[in-house]
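These numbers were taken from a predicted model, which means no experiment stands behind them. Note on naming: letters A, B, ... go to the chains in the order of the sequence lines (proteins, then strands), and numbering restarts at 1 for each one.
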Amino acid sequence: MQEPSVPIEERGQRAGVPGYPGPFAVGRYAAKLRDRVREFAPVCVIGEVTGSRIGRGPNVYFELRDGDGALPCAMWRTDFDKLGLSEEEFRDGVEVVAAGSCDYYPGSASASPKFAFRVQDMRLAGEGDLLARLARLRRQLGSEGLFEPQKALARPRLPRRIGVVTAEGSAARRDFLAGLERRSWRGTIVWGYAPVQDRRAAGAIAAAIRELAAVGQVDTIVVTRGGGSIADLWAFCDETLCRTVALTPVPVISAVGHDVDRTLIDDVAAVCCSTPTHAAETAVGIDCSLASDRLASAAAHLDTRARAAVVSRARDLARTSRAPRDHLDRHRVKLHQFTREMRASARRGRATRAEYQRRIAASVIERKLEAAGAATDREAAKLGGRAAFLERAESSLLEREAAALAARATALGSHDPERALDRGYALLLDGEGEPLGGVDAVRKARRFDIRVSDGTLPAQVRESGGADER
Amino acid sequence: MSAEPITYERAVERLEEIIRRLDSNQAGLRETLDLCREGKGLIEFAAGELDAVGKGLEELRLDELIARLEGAGAAAE
């Protein structure tokens, strides 16, 4: 270490000690000492925490010890809070790895000097233990099925409102907005600002998520922060926070740390992203500008399709409607041709048939005439025979009838009363010329005629008392 | 389409189905006109969704949103 440039004795104030430079003003020497101490390279040291004092002051003080010695340590309160270590985690006896460099407070007239190892970052030395705790918690939440509910939620590709939980003014916020801009998304963002790296972080993040979900106005929630050590990101492994996320009815996208960091919230969230930008692109699943262009193209395509379909069908219909008419025309021509041919054929047919029939008829008539002539001849012959027979029969019959008549005349003549009159008999006839057959008939007639062979005499009954009848 | 609430994704998915069907040239005239009518409705819906996220980025703090909702609720009462 260099001594102060102007020893006091050289200014003639006091004598020093032989063999030693100086005397130097202690304040200046202390300041030089501070500067010299600060030149020590920053290192990590490991040891057990002892005498930790987390008060309200700007510094947190503690000592690190091991079997060979101890180092007084101081850490700015703001840096300590960023670690997110709870009082249970940062307690006497735990082993920590502290990163920092030597520092010396030179004191003042009223303040004591103090050497301290100025800790700028720190993690629990048993990070293996921390990771083991994380693994246990992961197994437990997994066994309870808490990794699944978020993944079962329907996540809109085009949310109107996105809730974002991050630190206000953080790089993650800026990166997330840049990601949204790349998607040309200009909807509504609801910021749920919360600390993301101290003892209060987990509770504040969980509260923000609960409230964002409760207002019912956001379609997706994004929880994001930049990278860091596992200690930095420990708030996102908080059991309560992870249970809150798992049971949130709105899909949660986590983007905590970088690719290599795997916090517990990544397991329970609907989607785990590597960066805030990636989270933005996941929350808005489409490029809005591109989607608008595609939509316009689809609209034009539909319009073209509809018009083409109508025009095409109209052409088909026109063609189809012409087809029957063309078909009919073709058939009409054919029919006309057939008709002409049929008429000609019919005329030819009729002439042929008439000639044929005429020939047939002539032949038939001729044959009929011949047959009729023959039949007439036969019938004439038969009639001649029959006439002769009849003539013979007639003459025979006449002869027989004449003989019979003569016989009958003879018989009749034998019974003729006239012949009796010739023999002297008389016939009494009434006024009507009817014969009177007895006395009673004569008395009854009273007047009567007496016919004799040569004439008739009138007569009457003459009644006399007791006279005989005559 | 099914009875489930329409979303942008479902609308775009159905629109792509419709365009595939139309491009196949297997749809008759009536089906083509019906599909075009349905497609235009879906396009209007999807365009509305895109418009809703294209007018301009609005940023709200959670407490502002809650206050706005509470104000709207009080006004409704």
Considering only heavy atoms, which portion of [X] lies under 4.5 Å from any heavy atom of chain A: side chain, backbone, both, or neither?
{"X": "B:Leu15", "result": "side chain"}
{"X": "B:Lys40", "result": "both"}
{"X": "B:Glu9", "result": "side chain"}
{"X": "B:Leu29", "result": "both"}
{"X": "B:Thr7", "result": "neither"}
{"X": "B:Leu65", "result": "side chain"}
{"X": "B:Asp51", "result": "neither"}
{"X": "B:Leu50", "result": "both"}

Counting only non-hydrogen atoms closer than 4.5 Å, does [X] touch chain B with its backbone (N, CA, C, O), its side chain (CB onward), both, or neither?
{"X": "A:Ser292", "answer": "both"}
{"X": "A:Val284", "answer": "neither"}
{"X": "A:Ile162", "answer": "neither"}
{"X": "A:Glu168", "answer": "side chain"}
{"X": "A:Arg183", "answer": "neither"}

For the atom pair [atom1] ([X]) and [atom2] ([Y]), what is the distance rounded to the nearest 0.5 Å?
{"X": "A:Arg294", "Y": "B:Glu16", "atom1": "CZ", "atom2": "CD", "answer": "8.5 Å"}
{"X": "B:Leu62", "Y": "A:Leu212", "atom1": "CG", "atom2": "CG", "answer": "4.5 Å"}
{"X": "B:Ile19", "Y": "A:Leu302", "atom1": "CD1", "atom2": "CG", "answer": "5.0 Å"}

Does the pair B:Glu58/A:Arg186 count as a salt bridge with the N-to-O cut at 4.0 Å? no

Can you name the closest pair of heavy atoms from [X] and [Y] and give their distance?
{"X": "A:Cys288", "Y": "B:Val53", "result": "SG-CG2, 4.0 Å"}
{"X": "B:Ile43", "Y": "A:Ala298", "result": "CD1-C, 3.9 Å"}
{"X": "A:His301", "Y": "B:Asp23", "result": "NE2-OD1, 2.8 Å"}

By side chain to side chain donor-acceptor pair (under 3.5 Å), which residues pair with B:Glu13, not counting sequence neighbours? none

Sequence neighbours left out, what passes side chain to side chain donor-acceptor pair (under 3.5 Å) with A:Arg319? Give chain and number order. A:Asp316

